[in-house]
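The shown structure was predicted, so the numbers you read here are calculated from the model rather than taken from an experiment. Side chains included, hydrogens not; waters and symmetry mates left out as well; all remaining heavy atoms used. Throughout, residue positions are numbered sequentially from 1 according to the sequence presented.
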Amino acid sequence: MEDKSMDQTLNIGSEIGLAEGLTKHVKIGSIGLIRKVRQLMKGKEYSFSYSIGRDKWPAKDDRPEIDWPEIEASYKEVFNLILDEGLTEDEYERVDEKGIKELDDLINRFL
């Protein structure tokens, strides 16, 4: 019970697994943090899992240009805000299929 109250004092929430041997603690969602996340994700209609590794799509008659690398970079920035220890580039590259789903779900919790 002491660990849980200490985590709350430090603003640390649940732990999520992103890959074999890679777990991270999620920050507790304060109003300020939720606002930052929503501001960064404003206009980003596509899920994290859908945006990974895509190239920029030029504008067409039925849609504006989609800058996939910029969208993926926004997700990385948000993950560094909401994960207590952040997410290094090496850790990001190691995230597996289960971890991708965890990160998609995590973003939805803050939106």
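- For residues 28-42, there are no salt bridge (Lys or Arg N to Asp or Glu O under 4.0 Å) pairs, not counting sequence neighbours.
- Leu83 places none of its side-chain heavy atoms less than 4.5 Å from the side chain of His25.
- Counting heavy atoms from C-beta on, the side chains of Asp67 and Pro69 come closer than 4.5 Å.
- For the pair Lys76 and Tyr92, the distance from NZ or CZ to the six-membered ring centre is under 6.0 Å and the angle to the ring normal is within 45 degrees.
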Self-check item: Full working for side-chain contact (heavy atoms from CB on, under 4.5 Å) between Ile28 and Leu33
Solution: CA-CA 9 Å; Ile28 296 173; Leu33 183 57; over 6 Å; no
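- Within 6.0 Å of atom CD in Gln39, 12 or fewer heavy atoms from other residues, nucleotides or ligands are found, so the atom counts as exposed in its surroundings.
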Practice problem: Dump the intermediate steps for side-chain contact (heavy atoms from CB on, under 4.5 Å) on Arg54 and Tyr46, then the final yes or no. | Solution: CA-CA 12 Å; Arg54 294 183 182 272; Tyr46 301 95; over 6 Å; no
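- Residues Lys44 and Glu70 are paired through a salt bridge, judged by an N-O separation under 4.0 Å between the basic side chain and the carboxylate.
- Atom-to-atom distance recorded for Phe110:CZ and Ile82:CD1 is 5.0 Å, nearest 0.5 angstrom.
- The CG atom of Leu87 lies 6.5 Å from the CG atom of Leu18; values are rounded to the nearest 0.5 Å.
- Lys24 places a side-chain N or O within 3.5 Å of a backbone atom of Gly86 that can act as its donor or acceptor partner.
- Summarising the local packing, CG of Asp62 is surrounded by more than 12 heavy atoms from other residues, nucleotides or ligands at distances under 6.0 Å.
- Atom CG in Leu103 sits 11.5 Å away from atom OG in Ser47 (nearest 0.5 Å).
- The NZ atom of Lys56 sits 10.5 Å away from the CD1 atom of Ile71 when rounded to the nearest 0.5 Å.
- Listed for the Arg94 side chain is no donor-acceptor partner under 3.5 Å among the backbone atoms of Glu89.
- Looking at heavy atoms from C-beta onward, Ile16 lies in side-chain contact with Leu106 at the 4.5 angstrom threshold.
- Counting only distance, with no hydrogens or angles, the side chain of Glu72 and the backbone of Gly53 share a donor-acceptor pair below 3.5 Å.
- Within the structure, salt bridge (Lys or Arg N to Asp or Glu O under 4.0 Å) pairs that include any residue of residues 97-111 comprise Lys101-Asp105 (at least two apart or interchain).
- Between the CZ atom in Phe79 and the CD1 atom in Ile107 there is a gap of 4.5 Å [rounded to 0.5 Å].
- Between the side chain of Tyr75 and the backbone N or O of Phe48 there is at least one donor-acceptor pair closer than 3.5 Å.
- To the nearest 0.5 Å, the span separating CG on Asp90 from CG on Leu22 amounts to 9.0 Å.
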